[in-house]
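The structure under discussion appears below in the form of structure tokens.
Just follow the structure's listing: the first ligand is 1, and inside any ligand the first atom is 1.
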Amino acid sequence: MKRITVKVGSAVLTRKDGTLDVTRLSSIVDQIAVLRKNGYEVILVSSGAVASGRGELHLGNTQELDSVGQRQLFSAVGQAKLINRYYDFFSEHHLHVGQVLTQKSDFDSEEHRLNMQTCMNVMLENGVIPIVNENDTVSIAELMFTDNDELSGLIARMMNVDTLIILSNIDGLYDGNPETPGTTLIHKVLPGNQVDRYIQTEKSVVGRGGMQSKCATAMAVASSGIDVYLARGTRENVLTDLLLSGANVPHTHFVRR
Ligand code: GLU
């Protein structure tokens, strides 16, 4: 079996009005189900807890809550909603899922790291798809992952996957501002290539990551021997096209060392 990690960003799973895009979520699940049938073992790293909690609660007075309070409240509600949706959609494919909530400190101690690794291996050996997110509700702000891009990179390396796919709201890394005419998508980044000068610093409004952290994660993960693909998660069949059909789907491939 080929083992892969798929990271889905908040911007992929959130509608314009801030609510959880269940249609998109269901389409990602359908694609993962096809990958499973084709011999892929999948670890899903999914964002969207905070965004979906915010969309769910519709609080008009969140200015009374500080950013930590908002994150704790929204993620507590949103993670429950998110995992329930995944559970239901995967069940339709007769696939089992399990929730793994983690914190940055889990990666600092060898004991915690091994514990997490063993837990996810047991899940995979028993046909259960791990769905990983940061435990935002209890994470201490100063000690958080930069974002789920960083988390997905740590998981990919810890679980020795063949490939990491980072799905966001953009096709990949461009050689400038994608809004500027003449800017083109970079298809391949080879080991040793420097891409810093191309990276745009704007971020989506719903997620914590951005191209900077995606590229930092992608470079680090590729240099540890894992292929990394950045692609647009809102594109129809992006995962199955990238991995199975050979269709020409726009992406940036960070080639493994
Ligand atoms: N863990 C956060 C969530 O699920 C997302 C962090 C990020 O945007 O990378 O809402």
Notebook entry, point to check: Taking the hydrophobic residues Ile, Leu, Val, Met, Phe, Trp and Tyr, and joining any pair whose side-chain heavy atoms are under 4.5 Å apart, which ones share a cluster with Ile140?
Noted result: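 Leu143, listed by chain and number.
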
Check: If you count only heavy atoms, which residues are under 4.0 Å from ligand 1?
Finding: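 Residues Ser10, Ser47, Gly48, Ala49, Val50, Asn133, Asp136, Asp147, Asn148, Gly207, Arg208 each place a heavy atom under 4.0 Å from ligand 1, listed by chain and number.
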
Check: Taking the six-membered ring where the residue is Trp, are the ring centres of Phe107 and Phe145 under 6.0 Å apart?
Finding: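 They qualify: ring centres under 6.0 Å apart.
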
Next item on the list: Using salt bridge (charged side-chain N to carboxylate O under 4.0 Å, His left out) as the criterion, list what pairs up with Asp147, not counting sequence neighbours.
Entry: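 So Asp147 forms no salt bridge (charged side-chain N to carboxylate O under 4.0 Å, His left out) with any residue.
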
Checklist line | Listed partners of Ile186 passing side-chain contact (heavy atoms from CB on, under 4.5 Å), at least two apart | finding: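 Scan of Ile186 (side-chain contact (heavy atoms from CB on, under 4.5 Å), adjacent residues dropped) gives Leu173, Asp175, Val189, Tyr198.
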
Next item on the list: May I ask whether Ile226 and Leu230 are part of the same hydrophobic cluster, defined by side-chain heavy atoms of I, L, V, M, F, W, Y residues being less than 4.5 angstrom apart, directly or through others?
Entry: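 Yes.
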
Next item on the list: Return the orientation label for the His251 and His187 ring planes: parallel under 30°, perpendicular over 60°, tilted otherwise.
Entry: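 The arrangement is perpendicular - the two ring planes meet at more than 60°.
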
